[in-house]
Novice: 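Input: one structure, supplied below.
The analysis underlying the following values was restricted to heavy atoms, covering all of them including side chains, and did not include hydrogens, waters or symmetry mates. Residue numbers run from 1 in the order of the sequence given.
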Amino acid sequence: MNEIVRAYFDAQPKQKEEEVLCHKIVDILSQKGCNVIQTTLGIEWDYMEEWGREAATNIYSSKIEDIKSSDIIVLEMSRKSHLLDFEAVEAINQSKPSLILFNKNKNERPDVALLGHPSSNLKIIVYKEENLEKIIEDFLKKAQKKVPRVRFTVRLSEEINNYLKFLKAKLKLSSKNDVVNKILEEKMKNDPDYQNIKL
């Protein structure tokens, strides 16, 4: 990888072997040049009952901010978790290249809501431990092309600038840059001429 990629990782390990596997995923990401962000690995919604609403709010806000500031998202979802489901949806909504992993040796399988999602940024893989490194490496190669890195300056009329502000509010995006990216991503995805020549 040419540049450091900020990779958000989360999972819900409950057993020792699950924790070991999560550390292996983090190690692979780090070895491949990623700066791995983990807000609070393994914290679930029941944390709110045990520690109080304020603590849960802080964790929620931290996770949202970390997803927002990351380039890519990697979630190990072999153990059912409402929090991980939420994080996956948040990543998709923010157009983050996302790798969702399910361990072949566990009973949990991808939810139909994820499987049926049309996002081209979403990759769902049922893996074996021995092919985990190859899966992550392949994902990173493709994700690298989708991470915003190129700066482009454009002059706008006041009317177009106002329209971008309107779309930013309407689409609930955080910046005009996000609006332009979203429009171009949709256009690119639906352009058969470009899809035919794309590498």
Side-chain angles (χ1 to χ4, degrees), residues 1-48 50-51 55-56 58-111 114-115 117 119-149:
M1 289 171 51
N2 299 330
E3 299 183 52
I4 297 294
V5 169
R6 290 171 56 87
Y8 177 89
F9 174 74
D10 205 358
Q12 296 295 321
K14 302 290 186 200
Q15 298 170 345
K16 184 65 180 170
E17 74 260 15
E18 292 172 347
E19 288 180 21
V20 169
L21 193 54
C22 287
H23 288 296
K24 180 177 181 177
I25 293 169
V26 170
D27 288 345
I28 292 169
L29 288 167
S30 296
Q31 289 164 12
K32 302 296 178 188
C34 293
N35 175 17
V36 183
I37 300 162
Q38 296 173 265
T39 310
T40 321
L41 185 64
I43 295 296
E44 193 35 294
W45 287 119
D46 57 6
Y47 186 84
M48 180 169 54
E50 188 177 339
W51 296 98
N58 290 339
I59 290 168
Y60 168 83
S61 299
S62 295
K63 286 182 179 286
I64 293 296
E65 282 307 309
D66 285 344
I67 289 170
K68 187 176 178 179
S69 67
S70 296
D71 298 316
I72 64 168
I73 311 298
V74 179
L75 301 174
E76 208 297 339
M77 295 181 67
S78 299
R79 186 172 286 277
K80 186 68 178 162
S81 161
H82 295 301
L83 180 56
L84 291 177
D85 289 340
F86 168 79
E87 289 178 27
V89 170
E90 187 65 26
I92 293 166
N93 287 342
Q94 292 189 28
S95 299
K96 304 287 183 177
S98 303
L99 177 62
I100 312 293
L101 297 167
F102 288 86
N103 192 326
K104 189 173 178 64
N105 297 327
K106 301 288 182 181
N107 291 328
E108 202 61 49
R109 288 295 175 260
D111 188 273
L114 282 177
L115 281 174
H117 201 287
S119 173
S120 61
N121 288 322
L122 179 63
K123 188 77 173 167
I124 301 170
I125 302 281
V126 177
Y127 70 92
K128 293 180 182 176
E129 191 172 345
E130 55 266 26
N131 67 357
L132 193 51
E133 184 170 355
K134 175 81 166 69
I135 287 167
I136 292 172
E137 188 175 336
D138 289 348
F139 168 73
L140 289 174
K141 282 180 186 171
K142 290 178 182 168
Q144 185 90 22
K145 296 176 184 176
K146 296 185 176 219
V147 174
R149 298 261 184 240

Novice: Is I25 close to L101 at the side-chain level, that is, under 4.5 Å between some pair of heavy atoms?
Specialist: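 Heavy-atom side-chain distance check passes, below 4.5 Å.
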Novice: If you measure from the Lys or Arg side-chain nitrogens to the Asp or Glu carboxylate oxygens, is any gap between E90 and K63 under 4.0 Å?
Specialist: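 Judged by the 4.0 Å cut-off on N to carboxylate O distance, E90 and K63 do not form a salt bridge.
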Novice: Between L84 and R79, which heavy-atom pair has the shortest distance, and what is it?
Specialist: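 Looking at all heavy atoms of both residues, the shortest contact is CD1-O, 4.3 Å.
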Novice: Could you grab the distance from atom CZ of F139 to atom CD1 of I72, nearest 0.5 Å is fine?
Specialist: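 Between F139 CZ and I72 CD1, I get 5.0 Å after rounding to 0.5 Å.
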Novice: Taking NZ in K134 as the centre, count heavy atoms belonging to other residues, nucleotides or ligands within less than 6.0 Å. Is the count above 12?
Specialist: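 Open: at most 12 neighbouring heavy atoms sit under 6.0 Å from NZ of K134.
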Novice: Answer whether the closest heavy-atom distance between the side chains of L21 and Y127 falls below 4.5 Å.
Specialist: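 Yes; the side chains approach each other to less than 4.5 Å.
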Novice: Would you check if N121 and S98 make a side-chain contact, meaning some heavy-atom pair closer than 4.5 Å?
Specialist: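 No, too far: nothing below the 4.5 Å cut-off.
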Novice: Output the distance between atom CD (E87) and atom CD1 (I100), rounded to the nearest 0.5 Å.
Specialist: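 Rounded to the nearest 0.5 Å, the CD-CD1 separation comes out at 9.5 Å.
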Novice: Ignoring hydrogens, what is the shortest heavy-atom contact between K106 and S78? Give both atom names and the distance.
Specialist: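 Closest heavy-atom pair between K106 and S78: CG-CB, 3.9 Å.
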Novice: Any Lys/Arg nitrogen of R6 or D66 sitting under 4.0 Å from an Asp/Glu carboxylate oxygen of the other?
Specialist: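 Salt bridge absent between R6 and D66.
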Novice: Where is the tightest heavy-atom contact between K68 and K96, given as atom of each residue plus distance?
Specialist: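 Looking at all heavy atoms of both residues, the closest pair is O-NZ, 2.8 Å.
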Novice: Taking the side chain as everything from C-beta on, heavy atoms only, tell me whether L99 gets closer than 4.5 Å to F9.
Specialist: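 L99 does not reach F9 side chain to side chain.
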Novice: Give a yes or no on this: more than 12 heavy atoms of other residues, nucleotides or ligands lie within 6.0 Å of atom NZ of K24.
Specialist: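 More than 12 within 6.0 Å, yes.
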Novice: Donor-acceptor pair, distance only, cut-off 3.5 Å: does the side chain of S119 make one with the backbone of I92?
Specialist: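 Absent.
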Novice: I need the minimum non-hydrogen distance between A7 and S70, along with the two atoms involved.
Specialist: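 Looking at all heavy atoms of both residues, the shortest contact is C-OG, 4.4 Å.
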Novice: What heavy-atom pair brings I67 and A91 nearest, and what distance separates the two atoms?
Specialist: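 Closest approach of I67 to A91, heavy atoms only: CG2-CA, 4.1 Å.
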